[in-house]
2 protein chains.
Amino acid sequence: MATADPARPGFALPLLLLAGFRTLIDDLHTELAREGHPELRPLHGFVLQAVGADGTTATELGQRLGISKQAAGKTVDRLVAVGYLERVDDPSDARRRLVRVTPRGADGLRRSAEIFDRLRAQWADTLGPQRVTALEDDLRAMASANWFRLDVPGWFGG
Amino acid sequence: MATADPARPGFALPLLLLAGFRTLIDDLHTELAREGHPELRPLHGFVLQAVGADGTTATELGQRLGISKQAAGKTVDRLVAVGYLERVDDPSDARRRLVRVTPRGADGLRRSAEIFDRLRAQWADTLGPQRVTALEDDLRAMASANWFRLDVPGWFGG
DNA sequence: GTAAGATGGTCAACGTGGTTGACGAAATAG
DNA sequence: CTATTTCGTCAACCACGTTGACCATCTTAC
């Protein structure tokens, strides 16, 4: 990739944030594949987490992820196909199809959390724990100052 | 989006990095659209920058971006269609088609740099200049410690 | 000088993660 | 009972990536 021009300091920030994110995600999925979850793709962890322990519907999942209900439905299809989600009829509303995390999905989610914890520990080994915390605090401060939209609408400009 | 579980601290880091990156990119393109560049998509800035002032070929562009030459060629097609890049024959090698940034492309690139500078200044207003610098330094330290792959191979796990 | 190999660009088929529009079935409001 | 809303799905499409195949051209070796 083209390196940032030192005369344009603004370019470095997005590049570094992206590189950090990508590295964490790549490392996560390398490790997940080693632990028996090679089918889990980068976005799937976010989707599993958005489904949550209580289950949800495709429409509501779309709202949580900031994507259309159709896109959410397709993503659920894929995760059902690889065994991480399941669909069950809602006895109280025949239109709805509840989406639930399967035991395999829960295992993937649990392992993701553990791996992220270990990766964060690697950052702490390199930077020192207080600098990692400071980094998170700074980003959280930007989020609180209303600069960030944490609801992740579509990953890129879509 | 699902909020991070406080008992799993590792989840926050990728989420915050992604949110910061996405916010910068979204703000950039909102402002670029206002300044006469609505066609510029999130990845296009990276591509324009990778082409550089001297121009390049689709194959070499693909190597720089870590994608296939076919994918690079398609991206060039789109940027040519909207007037940000142009293709010219290489007189010294009839196989090669040089890709060059047009004046309009250079304008978009220049404005991108200016907007990023302004966005960084907004961060400095919120966090204080030294904390923004510290944040960049920390991320750069992770990159130097060989955790990061700055060459951006494909944006997601692709 | 020509045959053989490496390189640049393109075409085709496909996968994934999105979009919008239309529409049937079921629930709800009046 | 009818009108409206909501849930899910189908179909068509777009952006961005992949592999494999292929032709044209440049380069190397003999």
Side-chain angles (χ1 to χ4, degrees), chain A residues 18 22 25-26 29 38-48 50 55-82 84-99 151-158, chain B residues 18 22 25-26 29 38-48 50-51 55-82 84-100 151-158:
Chain A
L18 175 60
R22 281 235 22 172
I25 295 295
D26 287 353
H29 287 90
E39 311 93 338
L40 232 33
R41 305 255 305 114
L43 305 93
H44 292 168
F46 291 95
V47 176
L48 288 179
T56 182
T57 65
T59 296
E60 192 190 328
L61 181 61
Q63 287 166 354
R64 288 187 195 175
L65 295 173
I67 60 179
S68 66
K69 60 181 180 174
Q70 295 93 327
K74 280 200 243 182
T75 302
V76 170
D77 287 344
R78 287 180 205 112
L79 281 166
V80 167
V82 290
Y84 289 85
L85 292 177
E86 62 184 354
R87 273 194 249 248
V88 298
D89 290 339
D90 183 339
S92 71
D93 186 339
R95 293 169 309 176
R96 309 177 81 211
R97 307 214 56 202
L98 270 313
V99 176
D151 43 29
V152 188
W155 311 107
F156 278 105
Chain B
L18 174 61
R22 282 238 20 177
I25 294 297
D26 287 353
H29 287 90
E39 310 93 338
L40 232 32
R41 306 254 305 114
L43 305 91
H44 292 168
F46 292 94
V47 176
L48 287 179
V51 171
T56 183
T57 64
T59 296
E60 193 189 329
L61 182 60
Q63 287 165 354
R64 288 187 195 174
L65 294 173
I67 61 180
S68 65
K69 60 181 181 174
Q70 295 94 326
K74 281 199 241 181
T75 302
V76 169
D77 287 344
R78 287 180 209 113
L79 281 166
V80 167
V82 291
Y84 289 85
L85 290 177
E86 62 184 354
R87 274 194 248 248
V88 297
D89 289 339
D90 183 338
S92 72
D93 186 340
R95 294 169 307 176
R96 306 178 81 212
R97 307 213 56 202
L98 270 311
V99 176
R100 281 195 317 214
D151 44 31
V152 188
W155 312 107
F156 279 104

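Computed from a predicted model, the values in this text were never measured in an experiment. Sequence lines set the chain letters: A, B, ... in the order given, protein chains first and strands last, and positions in each chain run from 1.
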Could you identify which residues of residues 92-99 of chain A place a heavy atom less than 4.0 Å from some atom of DNA chain D, listed by residue number, or say none?
Arg95(A), Arg96(A), Arg97(A)
Could you tell me the separation between the [atom1] atom of [X] and the [atom2] atom of [N], rounded to a whole number of Å?
{"X": "Ile67(B)", "N": "dT16(C)", "atom1": "CD1", "atom2": "C1'", "answer": "16 Å"}
{"X": "Arg64(A)", "N": "dC7(D)", "atom1": "CZ", "atom2": "P", "answer": "13 Å"}
{"X": "Glu39(B)", "N": "dC14(D)", "atom1": "CD", "atom2": "P", "answer": "17 Å"}
{"X": "Leu85(B)", "N": "dG9(C)", "atom1": "CG", "atom2": "P", "answer": "14 Å"}
{"X": "Arg78(B)", "N": "dT10(C)", "atom1": "CZ", "atom2": "C1'", "answer": "14 Å"}
{"X": "Gln63(B)", "N": "dG9(C)", "atom1": "CD", "atom2": "P", "answer": "10 Å"}
{"X": "Asp90(B)", "N": "dC26(D)", "atom1": "CG", "atom2": "P", "answer": "9 Å"}
{"X": "Lys69(A)", "N": "dC23(C)", "atom1": "NZ", "atom2": "C1'", "answer": "10 Å"}

Distance (rounded to the nearest 0.5 Å) between Leu40(A) CG and Leu79(A) CG:
7.5 Å
Roughly how far, to the nearest 0.5 Å, is CD of Gln70(A) from OG1 of Thr59(A)?
8.5 Å
Residue whose nearest DNA chain C nucleotide is more 5′ - Gln70(A) or Lys74(B):
Lys74(B)
Taking only residues two or more places apart in sequence, or in another chain, which ones meet Thr56(A) in a side-chain hydrogen bond (donor to acceptor under 3.5 Å, both in side chains)?
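For Thr56(A), the residues satisfying side-chain hydrogen bond (donor to acceptor under 3.5 Å, both in side chains) (neighbours in sequence not counted) are Glu60(A).
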Of all residues at least two apart in sequence or in a different chain, which pass the salt bridge (Lys or Arg N to Asp or Glu O under 4.0 Å) check with Arg78(A)?
none
I'd like to know if Asp90(B) pairs up with Arg97(B) as an ion pair, taking the criterion as any Lys NZ or Arg NE/NH1/NH2 lying under 4.0 Å from an Asp or Glu carboxylate oxygen.
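Here Asp90(B) does not pair with Arg97(B) in a salt bridge, since their nearest N and O are not under 4.0 Å apart.
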Does the side chain of Ser68(A) get closer than 4.0 angstrom to OP1 or OP2 of dT20(C) through an N or O atom?
no
Does Thr59(B) make a side-chain N or O approach to OP1 or OP2 of dG9(C) shorter than 4.0 Å?
yes
Exercise: identify the closest heavy-atom pair between Leu65(B) and Phe46(B):
CD2-O, 4.3 Å
Please name the pair of heavy atoms, one in His44(B) and one in Glu39(B), separated by the smallest distance, quoted to 0.1 Å.
ND1-O, 3.7 Å
Would you classify Ala58(B) as touching base, sugar-phosphate or nothing, given that sugar-phosphate means primed atoms plus P, OP1 and OP2, and contacts are heavy atoms under 4.0 Å?
sugar-phosphate
